[in-house]
Asker: 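Could you have a look at this structure, given as structure tokens, before my questions?
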Amino acid sequence: MNDLESRQLRYFVAVAEELNFGRAAERLGMAQPPLSRAIRELERGLGVRLFERTTRQVALTPAGEVLLRDARTALEAITAAARRAVHAGRPAPELRLALKADFDAGLLPQFLAAYREEPEAIPVELVLGGRGDQEAALRDGRADVAVLPELTDDRGLDVEPLLTEPRLVALAASDPLAARSSLSLPDFAGRVLPDGRPAELGGLPPGPGGGDGRPGRPAARGSFAESRRPVRDLTELFSLVELGGVIWFVPVSIARRHARPGIAYRAVGDLPPTEFSVVWPQDCRSPAVAAFVRAATAVAAAAQPVIDAQPLDVPGPAGPARPAEAGQRADAAGAAPSPRPGSSEMNPVTVRR
């Protein structure tokens, strides 16, 4: 068996994901005949069939399924090696922190303030993305460390739990369920979450035991599920909730920061909390990453008792201010306050999407 080349793996992955040689060739920017020849040469070199081909369809063989899993990992590792080398060679490297905007339990300013006190601290670049993008950014070298509320795939990653935060249901203020004095997950039978998963499952992450991210039943007439694309923007998501197209299970820190007149936030008795974690690549030996992990876990440990003691109710936009806002919550727990803009203590923070 000849050694595999990254070009062969890229060709194979494209065909395996498209299951169509024409679409795979278009995706790769090449003609179909040389792609077909390359796949046949790969199969001859390995001595196994990777695809079953008929006039109507292309399907992976068991050997192809195994190679697809490992080929993705190998290509990620090659890409990550190049990106990390380029990043390490910069005159002034930064700590690339991946997260989804607002999904930080309201503690990101305190994480950064505590990190700045670490001797190994370097400037921070925020790598913002949608749900699930953080794990990919860690594996392919775009990020060094991440804070996220649900880890869907820990392959090749180290994880340190930070804290848990209650979740509320966000639903249209006109929804009959908003008038109920108590709610539980079975009350949401027939409703869907923004990604199409059945709401009564509690928004479990995709994967074993958590569904596959597709609706579990046909969408109700008049709902938005039939033509829904992934929702990545909070404003768009809240608009769909206000219109009654979906409901959403939201960490209480986000609910408090996004009170809207058309949305009711209600407690759900059997809804599991959000579990925030700090995550980094297993082979990482960066002192800056270790310093961020130390800082984040210290802030989270101090904040957890205060989070646990807060009431779950969310005031309306015109309601009284509560001392449970994210920054006050962390300061009360003893976390380091954020430096004022322009302070000499500030390390620059850049943002990349």
Side-chain angles (χ1 to χ4, degrees), residues 1-87 98 127 129-143 146 151-157 195-197 205-208 210-216 218 225-232 281-283 352-353:
M1 182 186 71
N2 297 327
D3 292 337
L4 292 176
E5 299 177 0
S6 61
R7 173 185 57 84
Q8 293 175 302
L9 293 180
R10 284 196 300 272
Y11 288 178
F12 166 73
V13 169
V15 176
E17 291 180 346
E18 299 292 341
L19 293 179
N20 181 286
F21 278 83
R23 289 197 300 268
E26 183 178 356
R27 168 173 153 181
L28 292 165
M30 63 186 299
Q32 182 176 334
L35 175 60
S36 298
R37 286 196 299 272
I39 295 299
R40 287 196 297 270
E41 291 171 3
L42 175 60
E43 289 178 320
R44 281 198 297 269
L46 294 175
V48 296
R49 290 183 63 84
L50 301 173
F51 297 100
E52 294 292 349
R53 307 165 178 83
T54 69
T55 56
R56 293 188 176 184
Q57 68 177 7
V58 175
L60 281 167
T61 65
E65 291 175 355
V66 170
L67 182 60
L68 176 59
R69 180 194 63 207
D70 292 338
R72 284 169 170 160
T73 301
L75 291 174
E76 283 177 347
I78 292 170
T79 301
R83 283 181 172 150
R84 289 171 183 154
V86 170
H87 179 71
V127 181
R131 173 183 171 183
D133 290 345
Q134 293 71 43
E135 296 103 310
L138 291 172
R139 291 194 186 94
D140 67 18
R142 286 175 292 142
L151 182 63
T152 59
D153 181 2
D154 64 359
R155 172 175 47 92
L157 302 175
D195 61 3
R197 287 178 288 170
D212 58 4
R214 294 189 295 269
E226 296 169 5
S227 60
R228 185 170 49 253
R229 59 179 174 78
V231 178
R232 299 169 65 92
Q282 281 180 348
D283 58 356
R352 174 162 55 88
R353 297 178 183 273

Asker: Compare every heavy atom of A71 with every heavy atom of L9, then report the nearest pair and how far apart it is.
Answerer: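 Scanning both residues completely, I find the closest heavy atoms to be CD2-CB, 3.9 Å.
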
Asker: Using the salt bridge (Lys or Arg N to Asp or Glu O under 4.0 Å) criterion, which residues pair with R44? Sequence neighbours excluded.
Answerer: none

Asker: Do L67 and V48 have side-chain heavy atoms sitting under 4.5 Å apart?
Answerer: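 Heavy-atom side-chain distance check fails, nothing below 4.5 Å.
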
Asker: Return each pair, listed once, that meets salt bridge (charged side-chain N to carboxylate O under 4.0 Å, His left out) where at least one residue sits in residues 64-73; pairs must be two or more places apart or across chains.
Answerer: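 Pairs touching residues 64-73 that pass the test: E17-R72.
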
Asker: Testing the basics here: between I78 and S6, what is the closest heavy-atom pair and its distance to 0.1 Å?
Answerer: CD1-CB, 3.8 Å

Asker: E135: which residues meet the salt bridge (Lys or Arg N to Asp or Glu O under 4.0 Å) condition with it, sequence neighbours left out?
Answerer: none

Asker: Is there a donor-acceptor contact under 3.5 Å from the side chain of R139 to the main chain of R155?
Answerer: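 A pair under 3.5 Å: yes.
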
Asker: What distance do L28 atom CG and R7 atom CZ have between them, rounded to the nearest 0.5 Å?
Answerer: 11.0 Å

Asker: List in chain and number order the residues that pass side-chain contact (heavy atoms from CB on, under 4.5 Å) with A31, two or more places apart in sequence or in another chain; answer none if no residue qualifies.
Answerer: P33, P34

Asker: Using residues 54-61 as the side-chain source, report each donor-acceptor pair under 3.5 Å to any protein atom, sequence neighbours left out, with the distance given to one decimal.
Answerer:
unit_1: T54; atom_1: OG1; unit_2: R56; atom_2: N; d: 3.2
unit_1: T54; atom_1: OG1; unit_2: Q57; atom_2: N; d: 3.0
unit_1: T54; atom_1: OG1; unit_2: Q57; atom_2: O; d: 3.3
unit_1: T61; atom_1: OG1; unit_2: R49; atom_2: O; d: 2.6
unit_1: T61; atom_1: OG1; unit_2: L50; atom_2: O; d: 3.3
unit_1: T61; atom_1: OG1; unit_2: A63; atom_2: N; d: 3.4
unit_1: T61; atom_1: OG1; unit_2: G64; atom_2: N; d: 3.1

Asker: Can you list the residues that meet the salt bridge (Lys or Arg N to Asp or Glu O under 4.0 Å) rule with R37, with sequence neighbours excluded?
Answerer: none

Asker: Return the set of residues passing side-chain hydrogen bond (donor to acceptor under 3.5 Å, both in side chains) with S36 (not counting sequence neighbours), or none when no residue passes.
Answerer: none

Asker: For Q8, I'd like to know if atom CD has over 12 heavy atoms of other residues, nucleotides or ligands within 6.0 Å.
Answerer: yes

Asker: Return the minimal non-hydrogen interatomic distance between L138 and P281, and the atom names on each side.
Answerer: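 Reported closest heavy-atom pair: O-CG, 3.8 Å.
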
Asker: For E18, enumerate each residue passing the side-chain contact (heavy atoms from CB on, under 4.5 Å) test, keeping only those at least two apart in sequence or located in another chain.
Answerer: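 Partners of E18 by the side-chain contact (heavy atoms from CB on, under 4.5 Å) criterion, ordered by chain and then number, come out as R23, A24, R27.
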
Asker: Please name all residues satisfying side-chain contact (heavy atoms from CB on, under 4.5 Å) with P62, sequence neighbours left out, ordered by chain then number.
Answerer: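 Applying side-chain contact (heavy atoms from CB on, under 4.5 Å) to P62 gives none.
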
Asker: In Å and rounded to the nearest 0.5 Å, what is the CZ to CG distance from R10 to L75?
Answerer: 7.0 Å

Asker: For residues 6-27, which residue pairs pass the ring-ring contact (aromatic ring centres under 6.0 Å, His included) check, not counting sequence neighbours?
Answerer: F12-F51

